[in-house]
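Note that this is a predicted model, so its numbers are computed, not measured. The basis for the numbers below is simple: all heavy atoms, side chains too, and nothing from hydrogens, waters or symmetry mates. Reminder, nothing fancy here: chain letters follow the sequence lines and each chain counts from 1.
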Amino acid sequence: MELEADAAEARARRDRRADRAFRTLLWLAGLLVLLALGSTAVSLAWGGREAFATFGPGFLVSSEWDPVGRRFGALVPIYGTLVTSLLAMLFAVPVSFGIALFLTEIAPGWLRGPVAAAIELLAAIPSIIYGMWGLFVFVPFMADHVEPWLIERLGPLPVLGVLFRGVPLGIGMLTGGVILGIMVIPFVSSVMHEVFSVVPATLKESAYALGCTTWEVARDIVLPYTRTAVSGGIFLGMGRALGETMAVTFVLGNTHNLSASLLDPGNSIAAAIANEFAEADSGLYLSSLIALGLVLFAVTFLVLAAAKLLLLRLEGAAGR
Amino acid sequence: MKALARGGALHLRRRLANATAMALATVATVFGLLWLVWILWVTLRNGFEALGPRLFLESTPPPGAEGGLANALYGSLLLVSLALALGAPVGVAAGAFLAEIGHNGRLAAVIRFVNDILLSAPSIVIGLFVYELMVRPMGRFSAVAGAVSLALILLPVVVRTTDEMLRLVPVAVRESALSLGLPQWKVTLQILFRAARAGIATGVLLAVARISGETAPLLFTALNNQYWSTNLLAPMANVPVVIFQFAMSPYDGWQRLAWAGALVVTLFVLVVSVLARSLLRGRAAP
C-alpha cells in the first residue's frame with residue numbers, strides 16, 4: 001500500500017518537474033520572438049552609428065549621396081520610398097475594395113473560393129519574379145504605351161503636369177509604384193474581404209428591407225461598420241510596400257537625383273541598400289546604408305503597429 | 001403625380017449608381033486577376049524556353065558559356081532546409097507558449113503584437129540584422145548566416161499559425177486530458193499537437209513557400225558562389241540571388257538562365273502554397 005502511494009507520489013513529482021521544464025522551454029521560445037525584433041533595432045542602430053555620428057540629424061534631410069567624397073544623405077531614398085508606396089496605395093486600395101466587394105456581394109457562391117484563392121496567389125509569387133517581369137515586360141510596356149500618353153496629355157497641365165514630364169524611359173517611380181500596388185493588392189483585399197464578411201447579417205438585412213441597393217449597403221452600412229479595420233488593412237499594405245525590395249530594385253533606376261516627375265528614375269531605401277551594399281568600399285558608406293535600414297525599420301514599425309492597433313479595435317468590437 | 005415622377009428619377013439614379021458600382025467591382029477583380037495571368041504567363045513562356053536537362057546537371061557558367069543552375073538549386077535546397085530545421089521548432093514552441101501558457105495574458109499579447117510586426121517586417125532589414133549579427137563578427141559571408149536570416153522570416157509565420165490552430169482545439173479536450181491526471185507537456189505534445197497537426201503543417205509549408213523565393217536578406221548573408229560548394233561557413237549559391245545577378249546582367253545566356261530559375265522557383269512556391277491550402281481544406285475545422 002505504502003509502496004504504491006510512494007510510487008504515485010514520485011511520479012507526480014516527476015511530472016511536475018517535467019512540466020516546469022516544458023513550460024520554461026516554451027517561455028524561452030516566446031521570448032525569442034521579442035528578442036528578434038528588439039535586437040534587430042539595436043544592431044541596426046549600432047551598425048549605423050558611424051553615419052549618425054558623422055552627419056548628425058542632417059543625414060535625414062540631406063539629398064547628397066557622394067560615395068567618392070564620402071558624403072551621404074538619406075533624403076532621396078526616403079522620398080522615393082514614400083512616393084512609390086503612396087502611388088502603390090493609390091493604385092491598390094480602390095482595386096482591393098472592388099475585389100472585396102465582388103467577393104462578398106456580387107460573386108455567386110461557387111466563384112468566391114477560386115477567385116479569392118487566385119488573388120492570394122499574387123501574394124505567393126516571390127518578389128524577385130515581380131522584379132524580372134517588371135524589368136523585361138512591364139518597363140517596355142510603360143515606355144511604349146503608357147508614359148508617352150501621360151506626357152502628352154497630363155504634362156501640359158498647370159500644377160499636376162510637373163509629375164508627368166520627362167522622357168518615357170519606363171524606369172521610374174510610377175512603374176515602381178504600380179508594381180508595388182499589384183504586390184499589396186492581395187494583402188489589402190484579403191483584410192477587407194475578411195472584415196466585410198463579419199458585418200452582422202441583421203444590419204445588412206435591415207438596410208435591404210428599407211429598400212437599399214447593394215451599393216448603398218456597402219457604402220452606408222458595411223464601410224462605416226468596418227472603417228477602422230479597413231484602415232488597418234490599408235496600413236498593413238503600406239507597411240509591405242515600404243519595405244519591398246527586389247521588385248523595385250529592378251525598375252527604379254537607382255539614381256540619387258531628386259526629381260518632381262514620377263517618370264524620372266529615382267531610388268528607394270530598400271533598393272539603395274540592395275544595389276549598393278556590395279559596392280560599399282568604406283566603413284562610412286556601409287554604415288550609411290545600415291542607417292538607411294534603421295530608418296526603414298522605424299517607419300515600417302510605426303506603420304505596421306498602427307495597422308495592428310486598428311485591426312485589434314474591430315476584434316474588440318466583434319467581441320472575439 | 002409630380003412627386004411620383006421625381007421618385008422615379010431618384011429610383012433610376014440609385015439603380016444606375018448601383019449598377020455602376022457593381023460593374024466597377026467586377027472590373028477591379030478581373031483587373032487584379034489579369035496581373036496574375038500576365039506575370040505567370042511571361043514566367044512560364046520564358047522559363048520553359050530555357051528549360052533543359054543541363055539546368056539540373058551543370059553549375060552556373062561564366063558569361064558567354066553554357067551551363068545550368070545545379071549549384072544554386074542545391075544551395076537553395078540546403079538553405080531552406082536548414083532554415084526550416086532552425087526556425088520551425090522554435091516557432092511551434094513559441095506558438096504553443098501563446099496558446100497553452102500565455103493565453104490572453106499581457107506577455108502573450110505583447111508577443112503576438114511583436115510577432116505580427118515581424119511577419120510583415122521588410123526582409124531586407126532582417127538581412128542587415130543577420131549581417132551585423134553573424135557576417136561581420138565571422139569576417140565573411142556564409143551559408144549559415146543565410147539560413148539564419150531565412151529562419152527569422154519563417155519564424156513568425158509558424159508562430160502565428162501554431163497559435164491559431166492550437167486555439168481552435170476545443171477547451172474540453174484539454175480539460176478531459178488534464179482531469180485524467182496527464183501532465184501538461186503530454187497533453188500538449190501528444191494530444192493537442194495531434195489534433196492541430198494539419199493546421200501546423202499548413203503554416204510550416206506556407207512559411208517554406210515564403211522563404212524559397214526570398215532574395216533580399218541573402219544578398220548580405222549567403223551572398224553567391226559561382227561554384228559547387230557544400231561548406232556552410234562559406235558563401236553559397238542560391239537560386240534567388242543568381243536570378244537577381246543574371247537578370248541584371250547584359251548577357252543573353254545569363255538572362256535565359258535567370259528565367260529558368262524564375263520558373264523553377266515560381267512553380268515550387270505555387271505547388272507548395274496550393275498543397276498547404278488543400279491540406280487544411282481536407283481536414284476542415286478541427
Let me know if [X] has heavy atoms under 4.5 Å from chain A in its side chain, its backbone, both or neither.
X	value
B:L33	both
B:R210	side chain
B:A19	neither
B:L107	side chain
B:V159	side chain
B:T26	both
B:I39	both
B:A209	neither
B:L24	neither
B:V27	neither
B:S273	side chain

(request) Can you see which heavy atom on A:A36 is nearest to which on B:L118, and at what distance? (result) CB-CD1, 4.1 Å
(message) Testing the basics here: between B:G91 and B:V158, what is the closest heavy-atom pair and its distance to 0.1 Å?
(response) C-CG1, 3.8 Å
(message) If the test is side-chain contact (heavy atoms from CB on, under 4.5 Å), which one of B:T202, B:L206, B:L205, B:V272 qualifies with B:R277?
(response) B:L206
(request) Output the option from B:G95, B:A21, B:S120 having the highest count of non-hydrogen pairs under 4.5 Å with chain A. (result) B:S120
